[in-house]
Amino acid sequence: MNLLRRKFLKTATYVGATASAIGAGVLVPQRVLGAYNAAAFDAKDVNGAISGSMGSDQHTASDAIKLKAPDIAENGAVVPVTVSSSMSNVEAISIVASANASPLTSSYQLSPACEAFVSTRIKMGKTANVIAVLKADGKLYSATKEVKVTIGGCGG
Amino acid sequence: MKKLLTSVSIALLLALPLTTMATPQQDLEAFQDYYAKRFPGTPFDDFINGVYSIDPASRAQWEEIEEFPPYELSMSKGEELFNKPFANGKTYASCFAKGGIGIRQNYPYFDTNRGEVITLELAINECREANGEKKLKWKTGPIADISAYMAYTSRGNVIDIKIPDDPRAVAAYERGKKHFYQKRGQLNMACADCHKFYAGNMVRADLLSPALGHLSHFPVYRSKWGGMGTTHRRYGGCNKQVRAKPYKAQSAEYRALEYFHTYMSNGLVVNGPGARK
Amino acid sequence: MASIKIRAKAKGGVTTVKTLMSHPMETGLRKDSKTGKKIPANHITEVTAEHNGNVVMTANWGGAISKNPYLSFKFKGAAAGDKIKITWVDNMGKGDSAEAAIK
């Protein structure tokens, strides 16, 4: 058995796992790692972010995608975003914040068992478009929503 | 004879100096009445949710965060810390009534033996010291985690701060009240300016929360801090924001302020720990 | 202490999984206010969700996911009592894993 895996299993209990994996300084076994798409996160523009994560930057706006994000973010550090769609065969979702230094915030690979749904909280540096891109049957569809980010009055 | 006495007593009453202080109870009624009139659409119980009780847009975002709020991480840590025995084998439970569970609504209280306002964080650190442990830092970290857990166990309990019939307690209350209404800092603003007289208005892009219900949900996870903070952390921040020199956490001044501030929310329930922007 | 909290509920054949992770999620762009130096990037890069040993979903994250990140997704084919396992890895090579039963 791989030495790392043995050490990991020895120090970690799965049910209510403790931070032992971190404490033991053990890397998570390779089989769990997908291929991290670093290039897509390095892209400095929206099209680069989309093509980097989805393979192309050609996408069509679709009413079948529901992008829920606040009109005015209460705090740019924590902006709740929920993407959902009635479309079938959605295999991937990307969430892009157009004015971020690195517009790609995240991308999700969905197995056939998954519903076209993902919800998370993102950071936005300033007012920008949040773009949800979905890949279904090889084609890209999108929904866009402007989210305003303001400077607070209470000193930030 | 009766009529004469009545008119004499009325005359005497009218002759009384107008500087007779209102009692804390009278202050409380006037305070809560003010907000009821100011925000007629907000049910009394909802003031524990701060700005979210008066602004639907930010409420929607807050509700999304409450789906799985970041303070849950702190609460779990707090529970572990609360239950972990000190080196001498005792736990925090030994220092508190009811083993420390479901007691947040009674803090702060005035200790008539010591003549001091005792806040929850003060009590936590005094418990540590009494058991041979070092004090925790006051504003964030483990003390906020423990306080978060203790607040959580008290959710739903009615805030019931008592001001005993002791001039020192009343003096502490009055000191806190004075701080609340006193203008300070380069910006020359009082807590009351933003949180009473202008509550519900905007200061740049921030909506000012009503002071009624302010402390029901402390300690608080602020998105701005990316972490938990205690009441006195926020007090220091607020003083700094009007460019006033902040007092030290757990100083007599802030404890007095917390005493007054929490008393003003008597009747509301504890809903801490909370999540705010 | 677990750095991952999981809540999974099955209803009408669809399981909704919500997870909250404890992580600083540093972008690498922030400066330390005291030293003036940039705080190095330290954020989760991948999150994997498994059901009965099968990978159901993987997420690639950048530094723009909020601190103490939240993630929710939905999938079919699981029942109450089944186990969901969430694993994260960050750019520093650290990681953690936790399991929970679907309710």
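The figures that follow rest on heavy atoms only: side chains count, while hydrogens, waters and symmetry mates do not.
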K44(A) atom NZ, over 12 foreign heavy atoms within 6.0 Å: yes

Do H23(C) and S3(C) touch side chain to side chain, with heavy atoms closer than 4.5 Å? no

Do you see a donor-acceptor pair shorter than 3.5 Å between the side chains of S53(A) and S94(A)? yes

Non-hydrogen atoms of chain C under 4.5 Å away: do they reach the side chain of A101(A), the backbone, both or neither? side chain

Could you check whether any side-chain N or O of D137(A) sits under 3.5 Å from a backbone N or O of K139(A), counting only pairs where one atom can act as donor and the other as acceptor? no

With no hydrogens and no angle check, is any side-chain donor or acceptor of N129(A) less than 3.5 Å from a backbone partner on I131(A)? no

Please report the shortest heavy-atom distance between T150(A) and A73(A), naming the atom on each side. OG1-O, 4.5 Å

Which atoms of V55(C) come close to chain A, meaning under 4.5 Å heavy atom to heavy atom: side chain ones, backbone ones, both, or neither? backbone

Engaged part of K5(C) at the chain A interface, taking heavy atoms whose separation is under 4.5 Å: neither

Region of I84(C) that comes under 4.5 Å of a non-hydrogen atom in chain A: neither

Compare every heavy atom of L20(C) with every heavy atom of R121(A), then report the nearest pair and how far apart it is. NH1-CD1, 4.1 Å

Measuring heavy-atom distances to chain C, does A113(A) have an atom under 4.5 Å in its side chain, in its backbone, in both, or in neither? both

Whatever's closer than 4.5 Å to a heavy atom in chain C on F41(A) counts as side chain

Does any heavy atom of chain A fall under 4.5 Å from the side chain of L29(C), the backbone, both, or neither of them? side chain

Is chain C contacted by the side chain of V79(A), its backbone, both, or neither, given a heavy-atom distance below 4.5 Å? backbone

So which residue, T45(C), L71(C), N68(C), V47(C), ends up with the most heavy-atom pairs under 4.5 Å with chain A? T45(C)

Top of V118(A), V81(A), I95(A) for chain C proximity - count of heavy-atom pairs under 4.5 angstrom: V118(A)

Non-hydrogen atoms of chain C under 4.5 Å away: do they reach the side chain of N37(A), the backbone, both or neither? both

State, yes or no, whether a side-chain contact exists between K145(A) and D71(A) at a heavy-atom distance under 4.5 Å. yes

